[in-house]
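As structure tokens, the structure follows; a few thoughts come after it.
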Amino acid sequence: MNRKSTLADIMNIVLDGFVIADDQGIIRAVNKNILTMFGYELRELIGLRVKELMPEPYYSKHDQYLKNSLNGKSKNEFMTLKDLSGKRKDGRIFPINICMNQLKMDDDIMFAATIRDMTAEKNHEKIMKDYIKVLKNSNQELDDFAHIASHDLKEPLRGLSNHSLFLKEDYESVLDADGIKKIDRMIYLCKQMEKLISDLFYFSKIRNQKLAIKEVDLNEIIENIKSMIENTLIEKNVKIFIPQKLPHIICDGLRITEVFRNLIVNAIKYNDKKEKHITIGIVDSELRNKRDPFIFYVKDNGIGILEEYYSDIFRIFKRLNNESDELKGTGVGLTFVKKIIERHSGEIWLKSEFGQGTTFYFTIGEHILYEKT
Ligand code: ADP
């Protein structure tokens, strides 16, 4: 470069528009971005009053603002002004943010401002708002559907179930074994359907209900679950290991109990080993940065899950195995678990070795404000 850089060179490297006006509000210098932003030629802008770039009410207020600013009635320091509007030469009004300051150049007072065209951001914001509205509506429709399904379908289903029972009671003596088996199957299927409907209703409830957030001791939660399922633990020969003391966390205690209970029950249910082992802990707790969320895990030595089903198992009513009727769940446990964790700003994932066992990992996000040890 063999010529000396000018103020214009410096102003042109600014990504936003750049304007310098004098103490009368007359434009003295601009960069190239201002020209495209406001649709003027350079010769038209130099000498123009800066308020010509403003729509009402800024246009009318500008002279007073300038006076106040010069005689110290308004603050003169650096200012960022958001959600203002600019006016193009063709009259079109567009959203802008301004960052400005009063400068002393030699003996003159000048105003320098960078102007950012916010049209793209505002459009983007509008698109996002519209999307959110559409999503909210479709969620509302889903909730309404779950509500209607659970209320309106329950009645006829109960009628069907009762009539199957009456049929069995009244005609058992005239039916053969095959006929009775078919009626029993009908009764069982009605019960399954009732379970599915209440699960659907419960799912919409977890999505919407406010969380009851407070400090809970996870050790206590696990002890409660253990005593709730004490008989199963003995019957199924289950050993639960907790390698290190679990923390106190801020969460909805009842919901997080549900998370651990579902994972523990699954670890027992989908386990073919004679001695079923479940380990509950925190990943690398000593390496963890205090600000990071804990990563909890529930590990079993059960049947394992093939990788191709890792995401399927979190889908509502999705099941992989064919258990006997009395063991068979409805395929909602992990859907509830995922939803509860998501409501706690957390994530859930798993690793599994088919035939060897599965480990479910999850975090509980923003709600962990502090920990006690
Ligand atoms: P449910 O237990 O009622 O079927 P879940 O949503 O809890 O529903 O689980 C979905 C499916 O994921 C189960 O049917 C099972 O096939 C599989 N699964 C869940 N947990 C485990 C586990 N710990 N080990 C192996 N398979 C599992």
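Residue indices begin at 1 and follow the sequence shown. Whatever order the structure lists them in is the order used to number ligands and atoms, beginning at 1.
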Requested in this report: Indicate, with yes or no, if the rings of Phe38 and Tyr40 have centres closer together than 6.0 Å.
Outcome: no
**Report entry** Check: Ser352/Glu307 side-chain N/O donor and acceptor closer than 3.5 Å
**Finding:** no
Query - Side chain proximity check, Phe111 to Val19, heavy atoms < 4.5 angstrom - result: no
Query raised in the report: Which atoms of ligand 1 are found less than 4.0 Å from any heavy atom of Thr358?
Result: 24 (N)
Report task. State the atoms of ligand 1, each with its element, that fall below the 4.0 Å cut-off from a heavy-atom position in Gly333. Result -> 5 (P), 6 (O), 7 (O), 8 (O)
Query raised in the report: Side chain, backbone, both or neither: which part of Leu334 has a heavy atom under 4.0 Å from ligand 1?
Result: both
Query raised in the report: Tyr270 to ligand 1: N or O pair under 3.5 Å?
Result: yes
**Report entry** Test of ring centre spacing under 6.0 Å for Phe336 and Tyr202
**Finding:** yes
Query raised in the report: Should Tyr309 be listed as contacting ligand 1, given a heavy-atom distance under 4.0 Å as the test?
Result: no
**Report entry** Beyond-backbone contact of Ile256 with Ile364, side-chain heavy atoms, under 4.5 angstrom
**Finding:** yes
Query raised in the report: Is a salt bridge present between Arg28 and Asp108, judged by a nitrogen-to-oxygen distance below 4.0 Å?
Result: no
Query raised in the report: Would you call Asp252 and His344 a side-chain contact if the rule is heavy atoms closer than 4.5 Å?
Result: yes
Query raised in the report: Taking only heavy atoms of Val332, which atoms of ligand 1 are found under 4.0 Å from at least one of them?
Result: 6 (O), 8 (O)
Query raised in the report: With backbone taken as N, CA, C and O and side chain as the heavy atoms from C-beta onward, which portion of Asn262 lies under 4.0 Å from ligand 1: side chain, backbone, both, or neither?
Result: neither
Query raised in the report: Which of the numbered atoms in ligand 1 are below 4.0 angstrom from a heavy atom of Gly304?
Result: 25 (C)
Query raised in the report: Do any heavy atoms of Gly331 fall under 4.0 Å from ligand 1?
Result: yes
